[in-house]
Amino acid sequence: MSHAATIDHHHDVTTSTGIPNKKLFMWAFLASDCMFFGALISTHLIYRLHPPPGSPDVSKIFSIELTSFSTFILLMSSLLMALAVNSLQKGHVRSTRHNLLGTIFFGLIFLGCQVYEFNHFVHEKGLTLSNSIFGSTFYTLTGTHGCHVAIGVLWLVLMYIRSFKPADPSRSWLARAIAHFVVFTITTVAGTAAVLGLVHTIQSHESLSVFIDHHLLATSTTVIGLALLTWFGFSRKPVDFGEANAIDVESMGLYWHFVDIVWIVIFTVVYLLEYL
Amino acid sequence: MSLTMDAKIATPTTHAGHTQSKFHTFVQIAMVLSVITGVEIVIIYLPIGKWLVVSSLVVLSTVKFLLVIFYFMHLKWDKVFCTILFFIGLVLALGTVAALLALFGAEASAPLTSQILHHSAPVIV
(Lines give C-alpha, C1' and ligand atoms only; values in the text may rest on other atoms or scores of the structure.)
Protein backbone atom coordinates (compact mmCIF):
# COMPACT_ATOMS: atom_id res chain seq x y z
CA MET A 1 0.00 0.00 0.00
CA SER A 2 1.10 3.55 -0.49
CA HIS A 3 1.36 6.04 2.31
CA ALA A 4 1.65 8.74 -0.23
CA ALA A 5 -1.82 10.15 0.16
CA THR A 6 -0.20 12.90 2.19
CA ILE A 7 2.17 13.93 -0.61
CA ASP A 8 1.77 17.55 -1.66
CA HIS A 9 2.34 17.47 -5.41
CA HIS A 10 2.73 21.22 -5.81
CA HIS A 11 5.19 22.00 -3.03
CA ASP A 12 8.35 20.27 -1.86
CA VAL A 13 9.61 21.26 1.58
CA THR A 14 12.96 19.54 0.99
CA THR A 15 14.11 22.08 -1.63
CA SER A 16 14.97 25.72 -1.02
CA THR A 17 12.57 26.87 -3.75
CA GLY A 18 9.71 24.69 -2.55
CA ILE A 19 9.54 23.21 -6.06
CA PRO A 20 10.61 19.62 -6.80
CA ASN A 21 13.98 19.69 -8.60
CA LYS A 22 12.74 17.58 -11.52
CA LYS A 23 9.90 20.00 -12.13
CA LEU A 24 12.18 23.03 -11.86
CA PHE A 25 14.60 21.49 -14.34
CA MET A 26 11.79 20.77 -16.79
CA TRP A 27 10.42 24.32 -16.60
CA ALA A 28 13.93 25.72 -17.20
CA PHE A 29 14.37 23.41 -20.19
CA LEU A 30 10.96 24.38 -21.61
CA ALA A 31 11.84 28.07 -21.25
CA SER A 32 14.97 27.47 -23.34
CA ASP A 33 12.99 25.41 -25.85
CA CYS A 34 10.62 28.38 -26.27
CA MET A 35 13.55 30.41 -27.61
CA PHE A 36 14.54 27.54 -29.92
CA PHE A 37 11.08 27.35 -31.49
CA GLY A 38 10.83 31.16 -31.46
CA ALA A 39 13.90 31.28 -33.72
CA LEU A 40 12.49 28.64 -36.09
CA ILE A 41 9.08 30.33 -36.31
CA SER A 42 10.71 33.74 -36.92
CA THR A 43 12.80 32.29 -39.73
CA HIS A 44 9.72 30.84 -41.40
CA LEU A 45 7.78 34.10 -41.07
CA ILE A 46 10.65 36.26 -42.35
CA TYR A 47 10.88 34.26 -45.56
CA ARG A 48 7.09 34.29 -45.92
CA LEU A 49 7.18 38.10 -45.72
CA HIS A 50 9.30 38.27 -48.84
CA PRO A 51 8.63 35.16 -50.90
CA PRO A 52 11.05 34.95 -53.84
CA PRO A 53 9.66 34.75 -57.40
CA GLY A 54 8.40 31.28 -58.27
CA SER A 55 7.37 30.42 -54.70
CA PRO A 56 4.65 27.76 -54.50
CA ASP A 57 1.01 28.69 -53.80
CA VAL A 58 0.91 27.38 -50.26
CA SER A 59 -2.87 27.40 -49.82
CA LYS A 60 -3.09 24.86 -52.69
CA ILE A 61 -0.51 22.61 -51.02
CA PHE A 62 -1.90 22.48 -47.47
CA SER A 63 -4.80 20.29 -46.43
CA ILE A 64 -6.71 22.14 -43.74
CA GLU A 65 -8.79 19.03 -42.95
CA LEU A 66 -5.74 16.87 -42.17
CA THR A 67 -4.03 19.58 -40.13
CA SER A 68 -7.20 20.31 -38.14
CA PHE A 69 -7.54 16.61 -37.41
CA SER A 70 -3.90 16.46 -36.23
CA THR A 71 -4.48 19.48 -34.01
CA PHE A 72 -7.57 17.91 -32.44
CA ILE A 73 -5.67 14.65 -31.84
CA LEU A 74 -2.79 16.46 -30.13
CA LEU A 75 -5.20 18.43 -27.93
CA MET A 76 -6.93 15.22 -26.86
CA SER A 77 -3.57 13.58 -26.16
CA SER A 78 -2.84 16.50 -23.84
CA LEU A 79 -6.09 15.80 -22.01
CA LEU A 80 -5.14 12.13 -21.57
CA MET A 81 -1.68 13.15 -20.34
CA ALA A 82 -3.21 15.49 -17.76
CA LEU A 83 -5.56 12.68 -16.67
CA ALA A 84 -2.58 10.27 -16.38
CA VAL A 85 -0.83 12.66 -13.99
CA ASN A 86 -4.07 13.18 -12.08
CA SER A 87 -4.59 9.41 -11.77
CA LEU A 88 -1.11 8.73 -10.44
CA GLN A 89 -1.37 11.58 -7.95
CA LYS A 90 -4.32 9.61 -6.55
CA GLY A 91 -2.32 6.35 -6.69
CA HIS A 92 -4.40 4.77 -9.47
CA VAL A 93 -1.71 2.87 -11.36
CA ARG A 94 -4.00 1.02 -13.79
CA SER A 95 -5.81 4.18 -14.75
CA THR A 96 -2.45 5.89 -15.27
CA ARG A 97 -1.36 3.10 -17.61
CA HIS A 98 -4.57 3.37 -19.63
CA ASN A 99 -4.17 7.12 -19.98
CA LEU A 100 -0.50 6.74 -20.93
CA LEU A 101 -1.44 4.20 -23.61
CA GLY A 102 -4.10 6.59 -24.92
CA THR A 103 -1.55 9.41 -25.07
CA ILE A 104 0.93 7.16 -26.89
CA PHE A 105 -1.77 6.12 -29.36
CA PHE A 106 -2.80 9.71 -30.10
CA GLY A 107 0.85 10.76 -30.37
CA LEU A 108 1.41 8.02 -32.94
CA ILE A 109 -1.67 9.12 -34.89
CA PHE A 110 -0.24 12.65 -34.97
CA LEU A 111 3.12 11.34 -36.22
CA GLY A 112 1.35 9.16 -38.80
CA CYS A 113 -0.52 12.21 -40.08
CA GLN A 114 2.75 14.13 -40.33
CA VAL A 115 4.45 11.31 -42.22
CA TYR A 116 1.45 11.14 -44.58
CA GLU A 117 1.49 14.94 -45.01
CA PHE A 118 5.23 15.10 -45.77
CA ASN A 119 4.97 12.17 -48.18
CA HIS A 120 2.02 13.83 -49.94
CA PHE A 121 3.82 17.19 -50.19
CA VAL A 122 7.02 15.66 -51.59
CA HIS A 123 5.57 13.17 -54.08
CA GLU A 124 2.35 14.84 -55.19
CA LYS A 125 2.90 18.56 -54.62
CA GLY A 126 6.62 18.59 -55.44
CA LEU A 127 7.57 20.50 -52.29
CA THR A 128 10.94 19.30 -51.03
CA LEU A 129 13.39 20.48 -48.40
CA SER A 130 15.67 22.05 -51.00
CA ASN A 131 13.60 23.23 -53.96
CA SER A 132 12.21 26.37 -52.31
CA ILE A 133 12.82 28.53 -49.26
CA PHE A 134 9.29 27.80 -48.12
CA GLY A 135 10.03 24.06 -48.22
CA SER A 136 13.25 24.53 -46.23
CA THR A 137 11.69 26.58 -43.42
CA PHE A 138 8.44 24.59 -43.36
CA TYR A 139 10.07 21.16 -43.10
CA THR A 140 12.67 22.39 -40.60
CA LEU A 141 10.03 23.88 -38.31
CA THR A 142 7.39 21.16 -38.49
CA GLY A 143 10.04 18.40 -38.66
CA THR A 144 11.68 19.69 -35.46
CA HIS A 145 8.29 19.70 -33.80
CA GLY A 146 7.69 16.16 -35.07
CA CYS A 147 11.03 15.08 -33.55
CA HIS A 148 9.86 16.50 -30.23
CA VAL A 149 6.63 14.49 -30.51
CA ALA A 150 8.61 11.33 -31.36
CA ILE A 151 10.88 11.84 -28.32
CA GLY A 152 7.75 12.39 -26.22
CA VAL A 153 6.21 9.14 -27.48
CA LEU A 154 9.45 7.26 -26.70
CA TRP A 155 9.48 8.73 -23.18
CA LEU A 156 5.81 7.75 -22.70
CA VAL A 157 6.51 4.18 -23.78
CA LEU A 158 9.48 3.92 -21.39
CA MET A 159 7.36 5.30 -18.54
CA TYR A 160 4.55 2.83 -19.36
CA ILE A 161 7.02 -0.08 -19.19
CA ARG A 162 8.56 1.38 -16.01
CA SER A 163 5.13 1.15 -14.36
CA PHE A 164 5.47 -2.67 -14.36
CA LYS A 165 8.64 -2.73 -12.24
CA PRO A 166 7.95 -5.30 -9.52
CA ALA A 167 7.96 -4.26 -5.89
CA ASP A 168 9.91 -7.39 -5.01
CA PRO A 169 13.56 -6.55 -5.84
CA SER A 170 14.46 -10.25 -6.04
CA ARG A 171 12.33 -10.66 -9.18
CA SER A 172 14.22 -10.11 -12.43
CA TRP A 173 12.74 -7.28 -14.41
CA LEU A 174 15.26 -5.84 -16.84
CA ALA A 175 15.08 -8.62 -19.45
CA ARG A 176 11.28 -8.52 -19.40
CA ALA A 177 11.31 -4.72 -19.71
CA ILE A 178 13.65 -4.86 -22.71
CA ALA A 179 11.47 -7.53 -24.35
CA HIS A 180 8.39 -5.37 -23.63
CA PHE A 181 10.07 -2.37 -25.28
CA VAL A 182 11.21 -4.35 -28.33
CA VAL A 183 7.71 -5.76 -28.86
CA PHE A 184 6.23 -2.28 -28.43
CA THR A 185 8.62 -0.83 -31.02
CA ILE A 186 8.11 -3.59 -33.58
CA THR A 187 4.33 -3.45 -33.17
CA THR A 188 4.33 0.33 -33.57
CA VAL A 189 6.45 0.26 -36.74
CA ALA A 190 4.47 -2.62 -38.24
CA GLY A 191 1.15 -1.06 -37.25
CA THR A 192 2.09 2.28 -38.79
CA ALA A 193 3.19 0.58 -42.02
CA ALA A 194 -0.06 -1.42 -42.13
CA VAL A 195 -2.28 1.63 -41.52
CA LEU A 196 -0.43 3.79 -44.08
CA GLY A 197 -0.68 0.88 -46.54
CA LEU A 198 -4.42 0.65 -45.91
CA VAL A 199 -4.85 4.39 -46.47
CA HIS A 200 -2.86 4.13 -49.71
CA THR A 201 -5.01 1.18 -50.86
CA ILE A 202 -8.23 3.08 -50.16
CA GLN A 203 -6.96 6.20 -51.95
CA SER A 204 -5.85 4.16 -54.96
CA HIS A 205 -9.29 2.46 -55.11
CA GLU A 206 -7.61 -0.93 -54.96
CA SER A 207 -9.26 -4.01 -53.51
CA LEU A 208 -8.60 -5.36 -50.02
CA SER A 209 -6.85 -8.40 -51.49
CA VAL A 210 -4.16 -6.09 -52.95
CA PHE A 211 -3.62 -4.64 -49.47
CA ILE A 212 -3.32 -8.11 -47.94
CA ASP A 213 -0.87 -9.18 -50.67
CA HIS A 214 1.40 -6.20 -50.08
CA HIS A 215 1.07 -5.76 -46.32
CA LEU A 216 0.49 -9.28 -44.99
CA LEU A 217 3.73 -9.28 -43.00
CA ALA A 218 3.08 -5.85 -41.42
CA THR A 219 -0.53 -6.74 -40.58
CA SER A 220 0.26 -10.14 -39.07
CA THR A 221 3.20 -8.67 -37.10
CA THR A 222 0.86 -6.01 -35.71
CA VAL A 223 -1.73 -8.59 -34.62
CA ILE A 224 0.89 -10.82 -32.96
CA GLY A 225 2.54 -7.77 -31.36
CA LEU A 226 -0.77 -6.53 -29.95
CA ALA A 227 -1.43 -9.99 -28.47
CA LEU A 228 2.02 -9.97 -26.84
CA LEU A 229 1.53 -6.44 -25.50
CA THR A 230 -1.79 -7.50 -23.96
CA TRP A 231 0.03 -10.40 -22.30
CA PHE A 232 2.77 -8.09 -21.01
CA GLY A 233 0.10 -5.73 -19.69
CA PHE A 234 -1.55 -8.33 -17.49
CA SER A 235 0.11 -7.92 -14.12
CA ARG A 236 -1.63 -8.16 -10.78
CA LYS A 237 1.50 -8.32 -8.67
CA PRO A 238 2.64 -5.43 -6.46
CA VAL A 239 4.66 -2.85 -8.38
CA ASP A 240 7.25 -0.28 -7.43
CA PHE A 241 5.31 2.52 -9.06
CA GLY A 242 2.83 4.77 -7.36
CA GLU A 243 2.00 8.19 -6.07
CA ALA A 244 5.64 8.90 -5.20
CA ASN A 245 6.43 8.57 -8.94
CA ALA A 246 3.83 11.19 -9.86
CA ILE A 247 6.56 13.82 -10.19
CA ASP A 248 8.25 11.71 -12.93
CA VAL A 249 5.01 11.43 -14.88
CA GLU A 250 4.26 15.10 -14.26
CA SER A 251 7.67 16.17 -15.64
CA MET A 252 7.05 14.04 -18.70
CA GLY A 253 3.57 15.58 -18.94
CA LEU A 254 5.05 19.09 -18.91
CA TYR A 255 7.17 18.17 -21.92
CA TRP A 256 4.17 16.67 -23.72
CA HIS A 257 1.96 19.72 -23.07
CA PHE A 258 4.78 21.96 -24.29
CA VAL A 259 4.78 20.07 -27.59
CA ASP A 260 1.04 20.74 -27.71
CA ILE A 261 1.37 24.50 -27.13
CA VAL A 262 4.09 24.75 -29.79
CA TRP A 263 1.67 23.09 -32.22
CA ILE A 264 -1.06 25.58 -31.21
CA VAL A 265 1.26 28.36 -32.41
CA ILE A 266 2.42 26.49 -35.54
CA PHE A 267 -1.18 25.66 -36.50
CA THR A 268 -2.13 29.34 -36.46
CA VAL A 269 1.06 30.95 -37.77
CA VAL A 270 2.15 28.42 -40.39
CA TYR A 271 -1.13 26.93 -41.55
CA LEU A 272 -4.17 29.15 -40.86
CA LEU A 273 -2.57 32.47 -41.83
CA GLU A 274 -1.82 31.07 -45.31
CA TYR A 275 -5.55 30.96 -46.07
CA LEU A 276 -6.03 34.72 -45.67
CA MET B 1 10.24 3.80 -2.50
CA SER B 2 6.50 3.37 -2.85
CA LEU B 3 5.05 -0.10 -2.92
CA THR B 4 1.60 0.00 -4.44
CA MET B 5 -0.87 -2.59 -5.62
CA ASP B 6 -2.49 -2.13 -9.00
CA ALA B 7 -5.79 -1.80 -7.25
CA LYS B 8 -7.33 1.57 -6.46
CA ILE B 9 -5.94 3.09 -3.31
CA ALA B 10 -8.13 4.93 -0.87
CA THR B 11 -7.29 8.58 -0.31
CA PRO B 12 -8.58 11.10 2.22
CA THR B 13 -11.86 12.78 1.33
CA THR B 14 -10.42 16.26 0.83
CA HIS B 15 -7.65 14.99 -1.44
CA ALA B 16 -10.09 12.90 -3.46
CA GLY B 17 -12.47 15.84 -3.77
CA HIS B 18 -9.66 18.09 -5.01
CA THR B 19 -8.45 15.63 -7.66
CA GLN B 20 -12.01 14.71 -8.67
CA SER B 21 -12.74 18.35 -9.41
CA LYS B 22 -9.49 18.50 -11.41
CA PHE B 23 -10.72 15.63 -13.59
CA HIS B 24 -13.85 17.58 -14.53
CA THR B 25 -11.82 20.75 -15.02
CA PHE B 26 -9.45 18.98 -17.43
CA VAL B 27 -12.33 17.53 -19.49
CA GLN B 28 -14.03 20.92 -19.66
CA ILE B 29 -10.78 22.62 -20.69
CA ALA B 30 -10.28 20.03 -23.45
CA MET B 31 -13.79 20.73 -24.75
CA VAL B 32 -13.15 24.47 -24.74
CA LEU B 33 -9.87 23.92 -26.62
CA SER B 34 -11.66 21.83 -29.26
CA VAL B 35 -14.37 24.45 -29.71
CA ILE B 36 -11.79 27.23 -30.04
CA THR B 37 -9.93 25.20 -32.67
CA GLY B 38 -13.20 24.78 -34.59
CA VAL B 39 -13.86 28.53 -34.38
CA GLU B 40 -10.33 29.24 -35.68
CA ILE B 41 -10.93 27.06 -38.73
CA VAL B 42 -14.32 28.65 -39.47
CA ILE B 43 -13.08 32.21 -38.96
CA ILE B 44 -10.55 32.10 -41.82
CA TYR B 45 -13.38 31.56 -44.31
CA LEU B 46 -15.55 34.42 -43.03
CA PRO B 47 -15.88 37.42 -45.39
CA ILE B 48 -14.57 39.93 -42.85
CA GLY B 49 -11.55 42.21 -42.72
CA LYS B 50 -8.15 40.58 -42.79
CA TRP B 51 -6.97 42.49 -39.72
CA LEU B 52 -10.02 41.28 -37.80
CA VAL B 53 -9.33 37.65 -38.75
CA VAL B 54 -5.65 37.93 -37.80
CA SER B 55 -6.49 39.63 -34.49
CA SER B 56 -9.10 36.98 -33.70
CA LEU B 57 -6.66 34.17 -34.49
CA VAL B 58 -3.99 35.70 -32.28
CA VAL B 59 -6.43 36.14 -29.39
CA LEU B 60 -7.88 32.62 -29.74
CA SER B 61 -4.42 31.01 -29.96
CA THR B 62 -3.30 32.96 -26.91
CA VAL B 63 -6.35 31.77 -24.97
CA LYS B 64 -5.58 28.14 -25.96
CA PHE B 65 -1.94 28.59 -25.03
CA LEU B 66 -2.78 30.02 -21.61
CA LEU B 67 -5.43 27.38 -20.87
CA VAL B 68 -2.92 24.60 -21.54
CA ILE B 69 -0.07 26.07 -19.49
CA PHE B 70 -2.17 27.14 -16.52
CA TYR B 71 -4.45 24.08 -16.26
CA PHE B 72 -2.87 21.07 -18.02
CA MET B 73 0.64 22.12 -16.95
CA HIS B 74 -0.58 22.95 -13.43
CA LEU B 75 0.86 26.48 -13.30
CA LYS B 76 -2.38 27.56 -11.64
CA TRP B 77 -1.63 25.32 -8.65
CA ASP B 78 2.18 25.43 -8.63
CA LYS B 79 4.53 27.96 -7.07
CA VAL B 80 4.59 31.26 -8.95
CA PHE B 81 8.33 30.85 -9.59
CA CYS B 82 7.54 28.17 -12.22
CA THR B 83 5.39 30.73 -14.06
CA ILE B 84 8.11 33.37 -13.82
CA LEU B 85 10.78 30.95 -15.07
CA PHE B 86 8.73 29.87 -18.08
CA PHE B 87 7.68 33.41 -18.93
CA ILE B 88 11.32 34.56 -18.96
CA GLY B 89 11.95 32.15 -21.84
CA LEU B 90 8.63 32.98 -23.48
CA VAL B 91 9.18 36.76 -23.33
CA LEU B 92 12.71 36.38 -24.73
CA ALA B 93 11.34 34.22 -27.55
CA LEU B 94 8.51 36.65 -28.33
CA GLY B 95 10.98 39.55 -28.21
CA THR B 96 13.22 37.75 -30.70
CA VAL B 97 10.28 37.07 -33.01
CA ALA B 98 9.08 40.69 -32.79
CA ALA B 99 12.55 42.15 -33.35
CA LEU B 100 13.31 39.91 -36.33
CA LEU B 101 9.92 40.60 -37.92
CA ALA B 102 10.40 44.35 -37.43
CA LEU B 103 13.88 44.19 -38.97
CA PHE B 104 13.02 42.00 -41.92
CA GLY B 105 9.54 43.45 -42.41
CA ALA B 106 10.98 46.88 -43.21
CA GLU B 107 10.90 47.91 -46.86
CA ALA B 108 14.69 48.28 -46.94
CA SER B 109 15.00 44.61 -46.02
CA ALA B 110 13.12 43.41 -49.08
CA PRO B 111 15.40 41.13 -51.11
CA LEU B 112 16.78 42.57 -54.32
CA THR B 113 15.37 41.12 -57.50
CA SER B 114 17.68 39.71 -60.13
CA GLN B 115 16.93 42.72 -62.39
CA ILE B 116 18.10 45.23 -59.76
CA LEU B 117 21.11 43.10 -59.00
CA HIS B 118 22.00 43.07 -62.70
CA HIS B 119 21.81 46.88 -63.00
CA SER B 120 23.71 47.58 -59.79
CA ALA B 121 26.50 45.10 -60.43
CA PRO B 122 29.93 46.70 -60.99
CA VAL B 123 31.21 46.61 -64.55
CA ILE B 124 34.26 44.41 -64.89
CA VAL B 125 36.64 45.49 -67.64
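Just so we're clear, the structure is a prediction, and the values are computed from it rather than from any experiment. Chain letters run A, B, ... following the sequence lines, proteins first and then strands; every chain starts at 1. Below, each value reflects all heavy atoms present in this structure, side chains not excepted, and no hydrogens, waters or symmetry copies.
- Between chain B and the residues A:Pro52, A:Ser95, A:Ser68, A:Ser32, the most heavy-atom pairs under 4.5 angstrom are made by A:Ser68.
- Heavy atoms of B:Val53 lying under 4.5 Å from chain A belong exclusively to its side chain.
- The shortest non-hydrogen separation linking B:Phe26 to A:Leu79 is O-CD1, 3.3 Å.
- Considering every non-hydrogen atom in both B:Ala93 and A:Cys34, the closest pair reads CB-O, 3.4 Å.
- Listed by chain and residue number, nothing satisfies the salt bridge (charged side-chain N to carboxylate O under 4.0 Å, His left out) test with A:Asp33 (two or more places apart in sequence, or in another chain).
- Distance CG/B:Leu101 to CD1/A:Ile46: 6.0 Å, rounded to 0.5 Å.
- In this structure, chain B has heavy atoms under 4.5 Å from both the backbone and the side chain of A:Ser78.
- The most heavy-atom pairs under 4.5 Å with chain B, out of A:Gly253, A:Ser87, A:Ser42, come from A:Ser42.
- Between chain A and the options B:Thr83, B:Ile29, B:Leu90, the largest number of non-hydrogen pairs under 4.5 Å is found for B:Leu90.
- Nearest approach of B:Lys79 to A:Thr17, heavy atoms of both residues: CD-O, 3.7 Å.
- A 6.0 Å sphere centred on CZ of A:Phe72 holds no more than 12 heavy atoms belonging to other residues, nucleotides or ligands.
- Of all the listed residues (B:Val58, B:Ile41, B:Val27), the one sharing the greatest number of non-hydrogen pairs under 4.5 Å with chain A is B:Ile41.
- Heavy-atom pairs under 4.5 Å with chain B peak, among A:Ile64, A:Leu45, A:Ile19, at A:Ile19.
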For this session: Any chance you could lay out the side chain to side chain contact (heavy atoms under 4.5 Å, CB included) test for A:Ile264 and B:Val68, step after step, and finish with the verdict?
Result: CA-CA 10 Å; A:Ile264 286 173; B:Val68 172; 4.0 Å; yes

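- The minimum heavy-atom distance between A:Ala28 and B:Leu85, with the atom names listed, is N-CD2, 3.6 Å.
- The interface of residues 267-276 of chain A with chain B, defined by heavy-atom distances below 4.5 Å, comprises A:Phe267, A:Thr268, A:Leu272, A:Leu273, A:Tyr275, A:Leu276.
- Put simply, CD1 on B:Ile69 and CG on A:Leu30 are 10.5 Å apart, with the number rounded to the nearest 0.5 Å.
- A ring-ring contact (aromatic ring centres under 6.0 Å, His included) check over residues 83-108 of chain B, counting only residues at least two apart or in different chains, returns the pairs A:Trp27-B:Phe86.
- Side chains of A:Val85 and B:Phe72 form no contact here, defined as non-hydrogen atoms less than 4.5 Å apart.
- Interface remark: A:Val262 contributes no atoms to any contact with chain B (heavy atom separation under 4.5 Å).
- Contact of B:Ile88 with chain A is not made at all, since no heavy-atom distance falls under 4.5 Å.
- The side-chain hydrogen bond (donor to acceptor under 3.5 Å, both in side chains) test with B:His74 is passed by exactly one of A:Glu250, A:His257, A:Lys23: A:Glu250.
- For the atom pair CG of A:Leu254 and SG of B:Cys82, the computed distance is 8.0 Å after rounding to the nearest 0.5 Å.
- With values rounded to the nearest 0.5 angstrom, B:Ile36 atom CD1 is found 13.0 Å from A:Thr71 atom OG1.
- Heavy atoms of B:Tyr71 lying under 4.5 Å from chain A are absent altogether.
- With a 4.5 angstrom heavy-atom cutoff, A:Ile41 does not touch chain B via any of its atoms.
- Heavy atoms closer than 4.5 Å to chain A are found in the side chain of B:Leu75, but not in its backbone.
- In this structure, chain B has no heavy atom under 4.5 Å from any part of A:Met81.
- Pairs passing the side chain to side chain donor-acceptor pair (under 3.5 Å) check and including a residue from residues 27-39 of chain B, sequence neighbours excluded, read B:Thr37-B:Lys64.
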